[in-house]
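Below, all heavy atoms of this structure are taken into account, side chains as well, without hydrogens, waters or symmetry copies.
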Amino acid sequence: MSEKVNKEQVEKVLNEVRPALQADGGDVELVEVGDDGIIKVRLTGACGSCPMSTVTLKMGIEKTLKDKVPGVQEVVQV
């Protein structure tokens with residue numbers, strides 16, 4: 001059974017990575033924190049249409065969330 005993810009911790013970490021996204025004209029919006037540890041986000045602005053958005057999502061946002069928030073299993077874009 002996976003550990004329940006704290007939504008406030010997720011928001012805090014997203015606020016930490018947000019300036020890097022905004023520097024490139026994009027942003028990230030938290031859509032849902034699932035009980036299964038799946039975090040759903042929406043990349044907006046330049047990030048929403050960028051061909052590198054998958055790398056940003058997996059290597060940037062997901063890696064940081066997994067490092068800092070217990071219970072995060074995966075971050076998916078919706």
(request) Please check if atom NZ in Lys63 has more than 12 non-hydrogen atoms from other residues, nucleotides or ligands closer than 6.0 Å. (result) no
(request) Determine, stepwise, if the pair Gln73 / Asp36 fulfils side chain to side chain contact (heavy atoms under 4.5 Å, CB included). (result) CA-CA 8 Å; Gln73 300 299 311; Asp36 53 1; over 6 Å; no
(message) Side chains of Lys68 and Glu16, heavy atoms from C-beta outward: is any pair under 4.5 Å?
(response) yes
(message) Looking at every non-hydrogen atom in both residues, tell me the closest pair between Asn6 and Val69 and how far apart they are.
(response) O-CG1, 4.4 Å
(message) Can you tell me how far apart CD (Glu29) and CD (Gln77) are? Round to the nearest 0.5 Å.
(response) 11.0 Å
(request) Supply the atom-to-atom distance Gln22 CD to Asp27 CG, rounded to the nearest 0.5 angstrom. (result) 4.5 Å
(message) Tell me the closest heavy-atom pair linking Val75 and Leu65, and the distance in Å.
(response) CG2-CD1, 3.6 Å
(request) Any chance you could lay out the side chain to side chain contact (heavy atoms under 4.5 Å, CB included) test for Ile38 and Glu32, step after step, and finish with the verdict? (result) CA-CA 8 Å; Ile38 307 295; Glu32 181 183 320; over 6 Å; no
(request) Would you sort out whether Arg18 and Val28 count as a side chain to side chain contact (heavy atoms under 4.5 Å, CB included), showing the intermediate values? (result) CA-CA 7 Å; Arg18 183 166 280 125; Val28 62; 3.9 Å; yes
(request) Let me know which of Val33, Leu14, Val76 forms a side chain to side chain contact (heavy atoms under 4.5 Å, CB included) with Ile39. (result) Val33
(message) Please give me the minimum heavy-atom distance between Ser53 and Cys47, naming the atom from each residue.
(response) CB-O, 3.3 Å
(request) Provide the closest heavy-atom pair for Gln9 versus Pro70 in the form atom of the first, atom of the second, distance. (result) OE1-CD, 3.9 Å
(request) Find out whether Lys7 and Leu30 are in side-chain contact, i.e. whether some heavy atom of one side chain is under 4.5 Å from a heavy atom of the other. (result) yes
(request) Nearest 0.5 Å please: distance from the OG1 atom of Thr64 over to the CE atom of Met59. (result) 10.0 Å
(request) Can you measure from CG (Asp24) to SG (Cys50) and round to the nearest 0.5 angstrom? (result) 8.0 Å
(request) Identify the heavy atoms of Lys66 and Glu74 that sit nearest to each other, and give their distance. (result) CE-N, 4.3 Å
